Number of protein chains: 2
Amino acid sequence: MNTTSRTEENYLKAIFQLCERSDEPIATNAIAQAMQTSAASVTDMIKKLSKKELVHYQKHKGVRLTDTGNSLATSLVRKHRLWETFLVKKLNFSWEEVHEIAEELEHIPSKKLINRLDDFLGNPKFDPHGDPIPDADGNFTFRKQISLPELAEGAEGILVGVQDDTMPFLQYLNKFNLTLGTKIKVIERFAYDDSTKIIINDEREQILTNKVCLNLFVKTISI
Amino acid sequence: MNTTSRTEENYLKAIFQLCERSDEPIATNAIAQAMQTSAASVTDMIKKLSKKELVHYQKHKGVRLTDTGNSLATSLVRKHRLWETFLVKKLNFSWEEVHEIAEELEHIPSKKLINRLDDFLGNPKFDPHGDPIPDADGNFTFRKQISLPELAEGAEGILVGVQDDTMPFLQYLNKFNLTLGTKIKVIERFAYDDSTKIIINDEREQILTNKVCLNLFVKTISI
DNA sequence: AAATATTTTTAGATTAGTCTAAAAATACTT
DNA sequence: AAGTATTTTTAGACTAATCTAAAAATATTT
């Protein structure tokens with residue numbers, strides 16, 4: 001049988017996501033943590049995926065996705081992000097609450113379904129979180145993260161990282177609810193003192209000094 | 001745990017559907033046939049569902065759904081039919097090809113999702129096959145089948161049965177592609193000879209004699 | 001009502017995915 | 001480089017859902 005179970009799919013996706021940040025092979029323990037399961041279970045599953053040639057694996061050396069494994073995982077990400085877009089744009093869900101439902105929907109197998117959904121949504125390039133949606137061939141625009149001062153006036157972005165990761169700075173951010181994933185819209189830049197007026201999560205206005213802005217990385221959203 | 005697995009859900013739905021046509025308790029074998037599995041597996045599952053109080057069961061006496069079992073099955077039917085409607089009305093699937101996909105989608109658990117989908121579709125009362133869609137409380141209009149002459153001019157129906165089931169008649173119907181599930185729209189009735197002009201599947205016009213019409217049962221569609 | 005046929009249930013095995021506990025391999029520390 | 005700590009793998013067991021084959025219960029026929 002050349003079919004993948006829901007569980008196998010979830011493992012593939014977890015590995016895919018762990019690959020995104022590093023080119024190193026992925027450790028058993030890292031997968032166990034991501035999947036909320038034991039290292040022993042992960043080893044079992046890795047062997048199975050390896051036999052199916054979905055991952056490259058040598059004992060004690062971690063795993064990498066094969067090309068088939070990678071394209072399978074990419075198609076899961078495509079489905080996940082298209083369904084999220086559907087939930088937000090058509091069913092009026094807020095973009096914090098869609099993840100869990102999309103985790104389910106992404107396992108619906110029909111290729112025709114997902115391509116029709118893609119068309120129905122107008123072939124969006126990015127999902128409501130600002131993450132790129134792979135097209136039917138698995139290609140997607142990599143959107144590099146930029147620092148907040150590079151974000152144009154009027155543009156929106158998602159907070160995805162910080163330069164300065166010392167406690168005082170992180171505490172400062174927390175005070176203003178500037179947590180990872182927060183949506184930031186640049187309202188205006190003031191040349192006088194280089195400060196920037198933003199709106200946080202479409203709700204609250206806030207002024208940030210240039211020093212703070214330089215330490216924030218965002219991904220732009222263009223829906 | 002008060003949660004039902006995908007497999008349990010499929011059994012409940014099968015039992016529900018077998019209940020629809022008869023008030024008798026459902027036989028193990030009937031379920032086995034519907035589920036394409038062995039009678040032994042059915043007995044195992046029945047015991048499990050009985051322990052969960054989703055079915056009433058006595059050995060060798062067949063099963064019935066309990067109230068909870070029934071409302072669970074009803075909510076599956078609701079989901080199935082709403083997703084089918086979505087696929088046909090929004091994603092332009094033809095209504096023969098949606099069943100299989102809806103079999104998957106009906107297991108997505110979120111109540112909020114299905115209610116939003118219902119609203120998005122304009123709270124339809126019937127699915128593309130003409131079957132009634134239960135509302136959020138599990139109530140649905142029972143639509144009795146009528147013979148074709150009872151269907152008003154301009155109205156549409158789905159062919160669901162025949163009175164005369166002799167070979168010559170069935171062959172006659174086949175020649176005109178009047179198979180079960182065919183969509184029939186009444187264009188005009190001619191008093192002169194009691195014949196009826198219909199459109200078959202939105203495609204082909206056809207004239208039927210009264211004798212033929214009297215032998216056809218349809219369910220009306222009101223979308 | 002006895003014999004036969006059918007249906008349903010039990011018994012015991014199988015597979016996928018998981019677990020814990022112990023063994024083996026690798027990595028770190030001094 | 002030797003000893004300790006950590007990570008990974010193996011071994012063996014568990015659960016859900018299934019299977020086949022045999023036993024038990026019910027239904028049908030003569």
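These figures come from a predicted structure and were not determined experimentally.
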For [X] and [N], what is the distance between atoms [atom1] and [atom2] respectively, to the nearest whole Å?
X: B/Gln58; N: D/dT26; atom1: CD; atom2: P; result: 11 Å
X: A/Asp44; N: C/dT20; atom1: CG; atom2: P; result: 13 Å
X: A/Tyr57; N: D/dT8; atom1: OH; atom2: P; result: 10 Å
X: A/Met45; N: D/dT10; atom1: CE; atom2: C1'; result: 17 Å
X: B/Lys47; N: D/dT18; atom1: NZ; atom2: C1'; result: 14 Å
X: A/Gln33; N: D/dT8; atom1: CD; atom2: P; result: 11 Å
X: B/Ile46; N: D/dT18; atom1: CD1; atom2: C1'; result: 15 Å
X: A/Asn29; N: C/dA25; atom1: CG; atom2: P; result: 18 Å

Check this for me, if you would: do A/Asp135 and A/Arg78 make a salt bridge, where the nitrogen-to-carboxylate-oxygen distance has to be below 4.0 angstrom?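 No, this pair does not count.
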
Short side-chain N/O contact to [N] OP1/OP2 from [X], under 4.0 Å:
X: A/Tyr11; N: C/dT18; result: yes
X: B/Thr28; N: C/dT9; result: yes
X: B/Ser5; N: D/dA16; result: no

Among [options], which nucleotide sits nearest the side chain of [X]?
X: B/Ser38; options: C/dT18, D/dT20, C/dT9; result: D/dT20
X: B/Ala27; options: C/dT8, D/dT18, C/dC19; result: C/dT8
X: A/Ala39; options: D/dT9, D/dC19, C/dT8; result: D/dT9

Please assess B/Phe126 against B/Phe140 for the test ring-ring contact (aromatic ring centres under 6.0 Å, His included), listing each intermediate value before the final yes or no. CA-CA 9 Å; B/Phe126 298 93; B/Phe140 55 93; 9.7 Å; no

Assign each of A/Ala40 and A/His60 the nucleotide of DNA chain C bearing its closest heavy atom; nearer the 5' end lies the nucleotide of A/Ala40

### Message
Let me spell it out: for each of A/Lys59 and A/Met35, pick the nucleotide of DNA chain C with the closest heavy atom. Which residue's pick is nearer the 5' end?
### Response
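It is A/Met35 whose nearest nucleotide is closer to the 5' end.
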
Remember a base hit wins even if backbone is also touched, and classify [X] as base, sugar-phosphate or nothing at under 4.0 Å, heavy atoms.
X: B/Thr7; value: sugar-phosphate
X: B/Ser41; value: base
X: A/Lys61; value: nothing

**Request:** Would you list the pairs meeting salt bridge (charged side-chain N to carboxylate O under 4.0 Å, His left out) in which at least one residue belongs to residues 6-19 of chain A, sequence neighbours left out?
**Result:**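 Qualifying pairs: A/Arg6-A/Glu104, A/Glu8-A/Lys48, A/Glu8-A/Lys52, A/Lys13-A/Glu103, A/Lys13-A/Glu106.
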
B/Asn10 and B/His107 side chains, donor-acceptor separation under 3.5 Å |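 Short answer, yes.
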
Q.
Does the structure place the NZ or CZ of B/Lys90 under 6.0 Å from the centre of the six-membered ring of B/Phe120, at an angle of no more than 45° from the ring's axis?
A.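 Pair B/Lys90/B/Phe120 counts as cation-pi.
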
